[in-house]
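Have a look at the structure below, then the notes.
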Amino acid sequence: MSTETAPTADRVTAPPPAGWEEARSRVYAVGLAAALPAAARPLVDTDGSTLAEPLTTRTDLPAFPTSSVDGWAVRGRGPWRVVGRVLAGSTPAPLTEDDTTVEIATGAMVPEGATAVLRVEESAASTTGLISGTPRETPEWRKPGEEAYADEELLPTGTPVDPAVIGLAAACGHDTLRVRRAPRAALLVFGDELLTAGPPAAGRIRDALGPAVPAWLRRYGCQVRPSDVVGPVADTLPAHVAALRSALVTADLVCTTGGTMNGPVDHLHPTLEALGADYVVNTVAVRPGFPMLLARLTGPDGRARFVAGLPGNPQSAIVALVSLVAPLLAGLQGRSMPVLPQVTLAEAVPGRGDHTHLALVRLDRSAGVAFPVRHVGSAMLRGLAGADGFAVIRPGTSGEPGDRVPLVPLPLFPGERAS
């Protein structure tokens with residue numbers, strides 16, 4: 001990072017609040033422009049990463065005709081004389097004479113010259129050992145290229161790698177995949193008023209974000225080590241500068257909690273100014289979570305680093321995560337911009353004037369509707385614990401029962417698919 005200098009009045013110019021949708025698009029674009037480097041990694045080490053190039057097949061799938069049943073590979077009309085046996089993993093000799101057959105196992109290579117495969121349960125053997133039966137009209141083997149042809153693109157760049165993708169890559173003959181690594185994230189907790197153990201007391205409150213935010217970040221595919229969570233950081237500018245500079249040495253993204261406003265002990269903005277940061281977004285026209293921000297710095301290796309300033313109120317901090325951090329991480333991983341599903345409101349949800357309202361809801365998937373939850377103050381977490389995501393109520397509108405609105409889902413485990 002650049003060396004620390006004394007703050008000046010014009011080093012960091014705060015832009016006006018961004019619209020919520022504009023902010024999402026803006027941070028995704030800067031994330032994609034700074035997409036993490038790609039490297040080839042063994043299949044077993046790719047779960048949770050992102051394809052950095054399309055997944056293609058190295059051969060036809062299947063690469064050769066394979067029997068789909070246990071039975072007999074036959075030539076001619078029969079009855080058939082048994083001339084051999086073929087198991088999976090071996091290469092059979094051709095069938096060169098009519099009315100001959102070889103016993104064949106499921107998955108075994110069909111011998112050249114075979115005209116059909118007869119299911120074992122639909123066959124009979126004579127006392128002289130001849131096999132008889134009537135093969136089905138539909139061939140009982142898989143043809144080469146039935147699933148894919150050699151060099152066919154099966155999955156595009158930017159696809160998240162999960163166990164299904166790993167299995168497909170192995171079936172295609174790959175030993176490694178070229179992927180983008182998971183982003184490395186750190187968390188700095190600001191606030192002298194915070195307790196890290198025990199119940200709130202004597203004017204001090206329990207830190208709820210220090211334990212929770214790393215878990216959310218992991219669900220977005222980040223690597224977060226216990227040593228990457230630091231705090232509470234002392235409410236002084238030198239302590240903030242030192243903590244952020246240290247975290248940015250190894251982290252692609254540093255999230256901070258609290259200090260995003262301009263109060264007497266809010267030192268995040270002066271810290272960003274001292275480190276030569278540029279704002280990507282500084283405040284967003286959304287409720288809750290208005291004082292969120294995202295800033296960008298250039299590391300000593302020339303790559304971009306990012307700082308996401310999460311408000312200190314717990315629910316507001318999660319709103320900042322789903323609003324700014326999620327699209328940023330999608331860009332850094334080379335993934336597509338998250339597409340928001342639509343939900344039907346079961347009850348009315350108020351608007352927030354000229355701000356977007358992100359309203360916590362729980363989904364009744366059987367009925368296909370979303371219900372607003374209670375206990376949703378910006379400092380509350382009870383409602384969040386029972387919610388599935390945030391319904392998006394656009395500026396100047398309110399949500400009425402039956403309205404279709406976008407949903408920002410809460411993140412699942414890496415690789416998990418929504419039901």
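- H267 meets the ring-ring contact (aromatic ring centres under 6.0 Å, His included) test with H240; sequence neighbours excluded.
- Inter-residue side-chain proximity for L345 and V369 is flagged as unmet; no heavy-atom pair is nearer than 4.5 Å.
- Looking only at distances, no side-chain donor or acceptor of T298 sits under 3.5 Å from a matching main-chain atom of A304.
- Side-chain atoms of Q333 come within 3.5 Å of backbone atoms of L329 as a donor-acceptor pair (strictly under, hydrogens ignored).
- To the nearest 0.5 Å, atom CG of residue D45 and atom OG1 of residue T176 are 11.0 Å apart.
- W20 carries R24 over the face of its six-membered ring, with the cationic atom under 6.0 Å from the centre and within 45° of the normal.
- Formation of a donor-acceptor pair under 3.5 Å by the D266 side chain with backbone atoms of T260 is not found in this model.
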Residue pair V161, I166: steps toward the side-chain contact (heavy atoms from CB on, under 4.5 Å) verdict: CA-CA 7 Å; V161 178; I166 294 172; 3.6 Å; yes
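- Side-chain N or O atoms of S90 include one that pairs as donor or acceptor with a backbone N or O of L87 at under 3.5 Å.
- The salt bridge (Lys or Arg N to Asp or Glu O under 4.0 Å) check on R180 picks up nothing, with sequence neighbours excluded.
- Between the NE2 atom in H269 and the OG1 atom in T271 there is a gap of 10.0 Å [rounded to 0.5 Å].
- Distance alone, capped at 3.5 Å, is enough to place a donor-acceptor pair between the T115 side chain and the V74 backbone.
- Between the E122 side chain and the R119 main chain, no donor and acceptor come within less than 3.5 Å of each other.
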Can you give each donor-acceptor pair under 3.5 Å made by side-chain atoms of residues 374-389, sequence neighbours left out, with the distance rounded to 0.1 Å?
unit_1 : atom_1 : unit_2 : atom_2 : d
H375   : NE2    : R382   : NH1    : 3.3
S378   : OG     : N313   : ND2    : 3.3
D388   : OD2    : L363   : N      : 2.7

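- A391 and L407 make their closest contact through N-CD1, 4.1 Å (heavy atoms, listed as atom of the first residue, atom of the second, distance).
- The minimum heavy-atom distance between A346 and P401, with the atom names listed, is O-CB, 3.9 Å.
- L410 places a side-chain heavy atom less than 4.5 Å from the side chain of F390.
- With hydrogens and angles ignored, the 3.5 Å screen pairs no side-chain donor or acceptor of T356 with any backbone N or O of R394.
- Side-chain contact check for W216 versus I318: some heavy-atom pair is nearer than 4.5 Å.
- For the pair T101 (side chain) and W72 (backbone), a donor-acceptor distance under 3.5 Å is absent.
- Put simply, the side chain of V286 reaches to within 4.5 Å of the side chain of M292, judged on heavy atoms.
- Side-chain atoms of V284 and L293, non-hydrogen and from C-beta on, never get closer than 4.5 Å to each other.
- Between the side chain of S25 and the main chain of E21, a donor-acceptor pair closer than 3.5 Å is present.
- Annotation: side chain to side chain contact (heavy atoms under 4.5 Å, CB included) contacts of P94 (sequence neighbours excluded): T96, E112.
- For residues 220-232, every residue pair satisfying the salt bridge (charged side-chain N to carboxylate O under 4.0 Å, His left out) rule, not counting sequence neighbours, is listed here: R225-D228.
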side-chain contact (heavy atoms from CB on, under 4.5 Å) between V30 and F306, worked out: CA-CA 10 Å; V30 298; F306 295 93; 3.9 Å; yes
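- Taking every heavy atom of both residues into account, V281 and A18 meet most closely at CG1-CB, 4.4 Å.
- Rounded to the nearest 0.5 Å, atoms OH (Y279) and CZ (R26) are 13.5 Å apart.
- Listed here is the closest heavy atom pair of L332 and A34: CD2-O, 3.4 Å.
- Between R75 and G113, the shortest heavy-atom contact is CD-O, 3.4 Å.
- Within the structure, the ring-ring contact (aromatic ring centres under 6.0 Å, His included) test picks out the following pairs touching residues 347-372 (sequence neighbours left out): F290-H355.
- You'll find the side chain of L358 reaches within 4.5 Å of the side chain of V322, heavy atoms only.
- Distance check, rounded to the nearest 0.5 Å: CG of L43 to OG1 of T46 gives 5.5 Å.
- Taken from CD in E153 to OG1 in T56, the straight-line distance is 8.0 Å, to the nearest 0.5 Å.
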Trace of the side-chain contact (heavy atoms from CB on, under 4.5 Å) decision for C255 with L188: CA-CA 6 Å; C255 291; L188 303 181; over 6 Å; no
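- Looking at heavy atoms from C-beta onward, P144 lies in side-chain contact with P65 at the 4.5 angstrom threshold.
- Here the closest non-hydrogen pair linking C172 and T57 is SG-CG2, 3.4 Å.
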Check against side-chain contact (heavy atoms from CB on, under 4.5 Å), L253 and V325: CA-CA 9 Å; L253 166 68; V325 174; 3.9 Å; yes
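- With hydrogens and angles disregarded, a donor-acceptor distance shorter than 3.5 Å links the side chain of S323 to the backbone of V319.
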Chi angles and distances behind the side-chain hydrogen bond (donor to acceptor under 3.5 Å, both in side chains) call for S123, E121: CA-CA 6 Å; S123 67; E121 64 269 23; over 6 Å; no
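- Side-chain contact between I104 and M109: absent, with no pair of heavy atoms (C-beta onward) separated by less than 4.5 Å.
- Taking 4.0 Å as the cut-off between side-chain N and carboxylate O, R303 and D252 count as a salt-bridged pair.
- The line from CD of E140 to OG of S68 is 5.0 Å long, rounded to the nearest 0.5 Å.
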